[in-house]
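Accompanying notes for the structure given below.
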Amino acid sequence: MKKVKEIMSTNCIFCTPLDNVFEAAVKMKESNADAVLIVENDQLAGIITDRDLVTKGIAEKRPGSTKITDVMNDDIVTITPDASAEDAAEMLAAHHIHHLPVVEDGKVVGIITERCFT
């Protein structure tokens with residue numbers, strides 16, 4: 001059985017809580033990503049997705065200067081690199097999420113998305 005570390009992407013996109021939603025959107029565009037991990041002091045603080053930008057940003061008529069912390073999700077589900085790929089798939093489905101940060105010793109080392117299984 002494959003482990004998370006064998007299928008995860010290590011090409012993560014990061015912002016800090018000091019960034020704004022415009023900066024997150026630009027990073028998404030430049031990297032063709034649909035999620036940005038928010039890290040503070042090497043610790044995962046949140047995640048913002050393209051859907052968050054639309055539903056919590058644009059749809060609520062917030063300006064691009066809105067703090068990223070106002071639209072990010074800070075109730076984050078994570079997994080370790082040594083967990084099984086099957087566990088990761090089950091977590092994505094059980095929590096109805098599309099992005100699962102991979103954390104080891106408190107630091108982000110990768111991300112699992114539905115694309116990792118194709």
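In this chain, numbering begins with 1 at the start of the sequence shown.
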**Study point:** Pairs where residues 11-31 contributes a residue and the test salt bridge (charged side-chain N to carboxylate O under 4.0 Å, His left out) is met, not counting sequence neighbours
**Key:** none
Exercise for review: For K5, check salt bridge (Lys or Arg N to Asp or Glu O under 4.0 Å) against everything at least two apart and list the hits.
Suggested key: D82
Exercise for review: Please name all residues satisfying side-chain contact (heavy atoms from CB on, under 4.5 Å) with A25, sequence neighbours left out, ordered by chain then number.
Suggested key: L53
Exercise for review: List in chain and number order the residues that pass salt bridge (Lys or Arg N to Asp or Glu O under 4.0 Å) with D75, two or more places apart in sequence or in another chain; answer none if no residue qualifies.
Suggested key: none
Point to revise | Side-chain heavy-atom pair V4, E6 within 4.5 angstrom cut-off | key: no
Revision key, fill the gap. Those residues at least two apart in sequence (or on a different chain) that pass side chain to side chain donor-acceptor pair (under 3.5 Å) with S84 are D87
Check your understanding: With the 4.5 Å side-chain cut-off for hydrophobic clustering, are I97 and F117 part of the same group?
Key -> yes
**Study point:** side chain to side chain donor-acceptor pair (under 3.5 Å) partners of E60, counting only residues at least two apart
**Key:** R62
Under 3.5 Å, which donor-acceptor pairs link side chains of residues 7-17 to any protein atom two or more places apart or in another chain?
unit_1 : atom_1 : unit_2 : atom_2 : d
S9     : OG     : N11    : N      : 3.2
T16    : OG1    : L18    : N      : 3.2

Check your understanding: Same cluster for V71 and I38 if Ile/Leu/Val/Met/Phe/Trp/Tyr side chains link at under 4.5 Å?
Key -> yes
Point to revise | Inter- and intrachain pairs under salt bridge (charged side-chain N to carboxylate O under 4.0 Å, His left out), touching residues 108-118, at least two apart | key: D34-R115
Revision key, fill the gap. Paired with L37, the side-chain contact (heavy atoms from CB on, under 4.5 Å) test is passed by just one of I47, V103, I76, I48, namely I47
**Study point:** Counterpart residues, salt bridge (Lys or Arg N to Asp or Glu O under 4.0 Å), relative to E86 (two or more places apart)
**Key:** none
Study note, to complete from the structure: Between A45 and D74 the two heavy atoms that sit nearest each other are O-CB, 3.6 Å
Practice item. Determine the minimum heavy-atom distance between M28 and D50, stating which atoms define it. Key: CE-N, 3.7 Å
**Study point:** Residues which pass salt bridge (Lys or Arg N to Asp or Glu O under 4.0 Å) with D52, listed by chain and number, not counting sequence neighbours
**Key:** K56
**Study point:** Minimum side-chain heavy-atom gap E104-T80 below 4.5 Å
**Key:** no
Practice item. Return each pair, listed once, that meets side-chain hydrogen bond (donor to acceptor under 3.5 Å, both in side chains) where at least one residue sits in residues 35-47; pairs must be two or more places apart or across chains. Key: none
Review point. Is the closest side-chain heavy-atom distance between L92 and I112 below 4.5 Å?
Key: yes
Check your understanding: If we only count heavy atoms from C-beta on, is the N20 to T66 side-chain gap below 4.5 Å?
Key -> no
**Study point:** Shared hydrophobic cluster for I111 and M91 (ILVMFWY, side-chain gaps under 4.5 Å)
**Key:** no
